[in-house]
Amino acid sequence: TKKGKGKKFRFNYNSITSIYQPEGYIDVMNADQFRELVRQVGTPAEIARLGNANTDWQKEIYKTAVGFDHNFSATGNIGGKMPSRFSVSNTDQDGILRGDNIDRTTVSMSLNPSFLDDHLKFELNARGSYIENQFANRGAIGAALDYDPTQPVYSGANIFGGYHTWMDGAVKHNLAPTNPVALINESRDTSEVRRFVGNAKMDYKLHFLPSVTATFNVGYDISNSNGRKLTTANMPSSSLTWDGSRTSFSAQMYNKLFDAYLTFNKDFGKHNLTVVGGYSYQYLNTFNYSYDSELQEQGAAQFDFVDRDHYTMLSYFGRLNYNFDNKYVLTATLRADASSKLSNDNQWGYFPSAAVAWNISNEEFLKGSSVVSDLKLRVGYGEVGNVNGLGNFQFLTRYQGSESTAYYQFGSTFYQTYRPQPFNGDLKWEISNTLNAGIDYSLFRNRIYGTFDIYKKRTNDLIASVYVDPFTNFGNMIDKNIGDMENKGIEFSINADIVKTKDFDWSFGYNIAYNDNKIVNLPTDNITGGIDGGTGNNIQIQREGEEPFSFYVYKQIYDANGRPIEGAYEDLNSDGIINEKDRYIHKSPFAKVTMGFNTNFRYKNWDLSATARASLGNYAYNNMASSKGYSRKATGNGQNYLSNVLSSYYNTGFTSITETNLMSDYFVEDASFFRIDNITLGYNLKQAIKGLDIRLYGAVQNVAVFTNYSGLDPEIFRGIDNSFYPRPRTYVFGLNVNF
């Protein structure tokens, strides 16, 4: 969006060095704690499997990482007639998981010529990027939590590269975790991505009707990527014939956009009228190819796969803006959108919106006020449609070929069969309508300013993937419009320039929002929220009258010391049996209240800024503790290997993993938090050398988090805490030069 300006070229160089450190580690038992546990609960044979090492597997796979960002740009005017901007940038950044790296180079250009006394204007933008990725094996994250800390990284064995491995005869034990360091070192996953994004926009103000401007915009986004994953023969494997593997993929994406619209703008005394009408077309085409050497070695008839897909959306739209005397404003819009993801019967959606505003500060009784600088009251209503999340052509009957291991035999010949895919011919637009009322205010010559909003949003015909009744479709799950949801809330923000002098400035900003979510229409319950532990277990539910993704659990019973009693749950329906009917809805992953804070200081050439956030009333299901915090896990659940246990075991004393233990409300924790996101300190050397401005700065990102949540990080998408890539703390050192 940055454009050329000025008559002479100005140049900017920005350099950033970042250091990334793991913020913390999952609290698993150390080697001594683990030895003590195994000696308490294990058999003599299991105790004999303990090693003599003291290995912190998380520290073996994580590291302090470094990243570099360099950007150079030139902004000016070519020949005094063509505002221009050119830039080139490079990012080379390691991840805190050993083996992760991204190296991205981007070149961009923006040209903004005008002709015919500015009646004809062009905006030409182009950006090309080349990205090289190295992906560390994410399986190492979970394996580092499970692997026995009493074992060394290398055992000296002459198999699997010498990595310590739990063996079952001549192969790796199929159920045992894989050595995390082997997962990092013996797997190389790389890719290259080339992408070009460009658009050309033309505005022509008609000579014969200067109140009308015709606009045409063409956009093009193309990318192609290639990748491969090589796994060496040293990777521990449960296959006798294992000799390594290779998979590869290539993908292309083409995204085309065309917009054309007319704008009429005219002043009639105190009246201003703007009318826009136009058309938009977007086409997305994708091609994917993949290859698997393991399938080829196994003699599979099909070891490479091709997938082609495309998607089209077209729209007609109109907008009217009316302004009277800069006091009263009316806006009305109408969109007609069509998506190829829907059948002909439901393809078109019509989405109106309207808003009115009253600029009270321009009324006579407030003009010249020393208190009120700006005051605007506004009310609006709008509808938008959504088909995101839907696959393409699900309303059609489609067939998928069988795998080579599922061919059907006629005589001595095997034939590939085709089975129908799940389909739903009744899919339609998910429609959200929002009613909003708000106030924008500014006081004391704009020293204090902010907004206040109250809103109510209802989403009808929600799109979700749901289970279907047996024998009613060609699959277990299908995308469907299943119900309606309502969101309502209040938002308030205030910003203040507390001190504003020649040498010292201090400003502060604060915002708070309250939001309430509820499913208002859903014919049947939808169980969702898959978790680790067991097979097919879900911890969340969608139910009419409740918050979306609410936790669906058993009510834990505690002893006199407040410790959960294993297997003891309340019989909520009083039928004398603890079963599925005793589960109840308990808390939500979504915060009721969120807050944001920011402050900025400037003293002469020094500046200091900080930002922070708070989230109150959000809960998280600690799946790490529920699936990895029981004593039988230490002895491999009776198998011939050992596996580490989370330290949360000391709080519960649970011995085994059961469905009811997994579903205990004990593991649903308050995940409210206060997080300091960023602190930045900078110094400006203006005209350090004639024509040269320099800024030096340092920053810390993800500074600190304060929470009662027992897991690694309380900020969890949809509230289920599984093994995930930890958020690092980042130290930034920057140099910015303008000349």
- Query: Does a donor on one side chain and an acceptor on the other come within less than 3.5 Å for Thr190 and Gln134?
  - Reply: no
- Message: When you compare the side chains of Ser432 and Thr459, does any donor N or O come within less than 3.5 Å of an acceptor on the partner?
- Response: yes
- When you look at Ser110 and Asn125, which way does the side chain to side chain donor-acceptor pair (under 3.5 Å) test go after all the steps? CA-CA 5 Å; Ser110 175; Asn125 299 285; 3.0 Å; yes
- Message: Under 3.5 Å, is there a donor on one side chain and an acceptor on the other for Ser353 and Thr333?
- Response: yes
- Message: Hydrogens and angles aside, do Tyr283 and Asn285 bring a side-chain donor and acceptor to less than 3.5 Å of each other?
- Response: yes
- Item | Pair Asn678, Thr611: side-chain N/O donor-acceptor within cut-off below 3.5 Å | no
- Query: Do any pairs count as a salt bridge (Lys or Arg N to Asp or Glu O under 4.0 Å) and have a residue in residues 303-314, sequence neighbours left out, and if so which ones?
  - Reply: none
- Message: Tell me whether Arg729 contacts the main-chain N or O of Val703 through its side chain, where contact means a donor paired with an acceptor under 3.5 Å.
- Response: yes
- Task: Classify the side-chain pair Asn101/Asp94 by whether it contains a donor and acceptor separated by less than 3.5 Å.
- Result: yes
- Side chains of Asn684 and Asp693: do they bring a donor and an acceptor to under 3.5 Å? no
- Salt bridge Glu715-Arg675, side-chain N to carboxylate O under 4.0 Å: yes
- Task: Walk me through it: do Thr213 and Thr263 pass the test side chain to side chain donor-acceptor pair (under 3.5 Å)?
- Result: CA-CA 5 Å; Thr213 300; Thr263 303; over 6 Å; no
- Message: Consider ring pair (Phe, Tyr, Trp, His ring centres under 6.0 Å). Of Trp606, Tyr603, Tyr697, which one does Tyr683 pass it with?
- Response: Trp606
- Basic-acidic side-chain contact under 4.0 Å: Arg228, Glu192: yes
- Query: Under 4.0 Å between a Lys/Arg side-chain N and an Asp/Glu carboxylate O for Asp189 and Arg138?
  - Reply: no
- Query: In terms of side-chain geometry, is the basic nitrogen of Asp607 or Arg695 positioned less than 4.0 Å from the acidic oxygen of its partner?
  - Reply: yes
- For residues Ile131 and Arg104, determine if any side-chain heavy atom of one lies less than 4.5 Å from a side-chain heavy atom of the other. yes
- Message: Phe597 vs Tyr510, test: ring-ring contact (aromatic ring centres under 6.0 Å, His included). Steps then yes/no.
- Response: CA-CA 5 Å; Phe597 311 83; Tyr510 170 75; 5.3 Å; yes
- Task: State whether a side-chain donor-acceptor pair under 3.5 Å links Asn112 with Glu123.
- Result: no
- Looking at Tyr311, does the NZ or CZ of Lys341 lie under 6.0 angstrom from its six-membered ring centre and within 45 degrees of the ring axis? yes
